[in-house]
Amino acid sequence: MTTISGRRPTSKTAAVRGQVRDLVAEMMRDPAGRTSPSPYETARLVSLAPWLIGHSDRVRYLLDTQRADGGWGPPGGYSLVPTLSATEALLTVLHADPPADRARLVHAVDRALVTLTGLVNDGGPLPDTPALDMIVPALADRINDHIHRPAMPPPAALERWQRSTPLGLPRGVTRQRLTAVRHLVATGAPIPDKLLHALEVVADLAPAAGGVVPNASGTVGASPAATAAWLGRPDRPGGHGALAYLEGAVDRYGGPVPCAAPITVFERAWVTTILARAGIDLTGFQGLVDSLTADLGATGTPTGPGLPADADTTAVTLAALGHLGVSASTDCLWPYETPEGFATWPGEDGFSTTTNAHVLDALGQRLAEQPGAQPRHRAAVRRLVAALLDRQELQGSWADRWHASHYYATSCCVQALAEFGEPTTVAQPLDRAVEWTLAAQRTDGGWGTWSATAEETAYALHILLASGTRTPKVIDAVGRGHAYLCQHEGTTGPALWHDKDLYQPTLIVRATVLAAQHSAGRLLTYLSECA
């Protein structure tokens, strides 16, 4: 039974409570988790597994989701990976048995090549998405092979591309890492777990990759594309589990597939923590604790089966367990400690502000529960606070490598700093974050990177509410943001989370919006009653 502590709820709060109960029940019925379909991943299945059920549905999905300008996915640099993948997939279809909708395919590829040429030559910054430095050269080479294949000339409408300069690489992208990974796989050496998620970049070598075995759920790297690359063909000996995994993913999404599945722990940990932070009690949901602790070991827990453990998922899981009244050791976080803070995984190339904010949540929560905790915990909390403050941008926000929106990163950092930082140390940085958030609110009351979205509006409200600032300007912004969420109930918005392309973890986003509605609604009701 879901209960909400505090004041007697208004009718709107009661409605949110009912939606929360339905959301968590839905989450518990579906252990695989739910994310949006991926143009990148779906296109890889079109190219690598045309024998898989739902092939025509995936081709149709790619054609139907192509933007008017010829690309796929979000604007700018985020478009590069899904557009490369979809273009290569449609060229593969064109070079197979003559398709029924050949003219539409040719037109789609022609428009896509125009867009790709612009993206490659633009010179603008590319997003820090996983495996981009391998995906881009691998797919560019495949596209050039298709177009310039001497034994199989392209359709007449694409002949101009055969006469043009081969598709190049964007500024700053090289083949260095792809070449190293190809050499590693070709020699039969063991492949690091974190590379398995993108095994499809070496699809020609993947079936013989040394030591790669699907896990109990049938997946390689929790990725349909990586699993299809390893499988190679539907009748591969020992491949029954992998084939069943792929068919299950296709069936769940009606043809297209997500970038990662399952995401059991990731989804449940984030949903629990988000709702608990808003004062919503989830302790009555049977099986929730067991699912969060099932894979929790000496190095933490992974997002889901087939992926390595990481500090981000581990920290949020520990925080979620704390909110559920379960005390779990935080020692599994120490393997990720670095001189700068905490790495998402050992050897991470970069720094994640949200991973470090989540570790601050977990360690800060432990200190609050056990004031006599080891000095190492206190020292780590101080270092985490300093690391996050050091990475605040001049305008007051934070950015992160796991999400396209500054609102997500800023929300994570503000909530952690407000709860576990020394008030005198974090007061001014929090004020700057509030001022940035107020200045960014749109005329319709929402917030958003490209346009206002319910997800980003919810993050903005969490920033304002967590800061503790209650000036008339903040109250007005909270009221307008709350009204925006109420007016846009049920809207999904764009995919904003980083994987090989952008995705949306559906229930996590819904929980974020419901938590913001609940918290903002309670504050506005309280102020109204006090007036």
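What's counted below: heavy atoms across the whole structure, side chains too, no hydrogens, waters or symmetry copies. Quick note: residue numbers are just sequence positions, from 1.
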Determine whether P214 and W230 make a side-chain contact, defined as any pair of heavy atoms from C-beta on separated by less than 4.5 Å.
yes
When you measure from the side chain of T338 to the backbone N and O of A343, does any donor-acceptor pair fall under 3.5 Å?
no
Please assess E456 against T449 for the test side-chain hydrogen bond (donor to acceptor under 3.5 Å, both in side chains), listing each intermediate value before the final yes or no.
CA-CA 8 Å; E456 291 170 284; T449 301; 2.5 Å; yes
Would you call R44 and K500 a side-chain contact if the rule is heavy atoms closer than 4.5 Å?
no
Ring-plane angle category for F342 and W334, please: parallel below 30°, perpendicular beyond 60°, tilted otherwise.
tilted
Measure the SG-CD1 distance between C259 and I263 for me, rounded to the nearest 0.5 Å.
11.5 Å
Between R277 and D361, does any side-chain N to carboxylate O distance fall below 4.0 Å?
yes
Applying the side-chain contact (heavy atoms from CB on, under 4.5 Å) criterion to I191, which one of V220, V212, V181 satisfies it?
V212
Hey, is the main chain of P74 close enough, under 3.5 Å, to the side chain of R67 for a donor-acceptor pair?
yes
Who pairs with A511 by side chain to side chain contact (heavy atoms under 4.5 Å, CB included), at least two apart in sequence or on another chain?
L23, V271, I274, L275
Main-chain N/O of A515 paired to S519 side chain as donor or acceptor, under 3.5 Å
yes
Do you know which of R21, R510, R268 makes salt bridge (charged side-chain N to carboxylate O under 4.0 Å, His left out) with E26?
R510
M134 side chain near L195 side chain, heavy-atom distance below 4.5 Å
yes
Just say parallel, tilted or perpendicular for the rings of W436 and H406, cut-offs at 30° and 60°.
tilted
Any non-hydrogen side-chain atom of C413 less than 4.5 Å from a side-chain atom of W398?
yes
State, yes or no, whether a side-chain contact exists between L80 and P170 at a heavy-atom distance under 4.5 Å.
yes
Just checking E369: does its CD atom have more than 12 heavy atoms from other residues, nucleotides or ligands closer to it than 6.0 angstrom?
yes
For the aromatic rings, using the six-membered ring if either is Trp, is the centroid distance between W497 and H403 under 6.0 Å?
yes
What residues, two or more places apart in sequence or in another chain, satisfy side chain to side chain contact (heavy atoms under 4.5 Å, CB included) together with T293?
V289, L321
Going by the rule side chain to side chain donor-acceptor pair (under 3.5 Å), which residues pair with W270 if we only count those two or more places apart in sequence or in a different chain?
Y408
E422, CD atom: more than 12 neighbouring heavy atoms under 6.0 Å
no
Suppose the criterion is side-chain hydrogen bond (donor to acceptor under 3.5 Å, both in side chains): which pairs have a residue in residues 298-313, not counting sequence neighbours?
T303-T313, D310-T313, D312-H358
Any side-chain heavy-atom pair of L388 and L417 under 4.5 Å:
yes
Apply side chain to side chain donor-acceptor pair (under 3.5 Å) to S467 and list each qualifying residue two or more places apart in sequence or on a separate chain.
T469
Could you tell me whether R442 sits above the aromatic face of Y484, with NZ or CZ closer than 6.0 angstrom to the six-membered ring centre and within 45 degrees of the axis?
no
To the nearest 0.5 Å, tell me how far T425 OG1 sits from R382 CZ.
11.0 Å
I'd like to check F351 versus E340 (side-chain heavy atoms, cut-off strictly below 4.5 Å). Are they in contact?
yes
Residues that R252 engages under side chain to side chain donor-acceptor pair (under 3.5 Å), provided they are two or more places apart
D30
K194 and E348: CA distance, side-chain angles, deciding distance, salt bridge (charged side-chain N to carboxylate O under 4.0 Å, His left out) verdict:
CA-CA 10 Å; K194 67 179 182 179; E348 179 184 17; over 6 Å; no
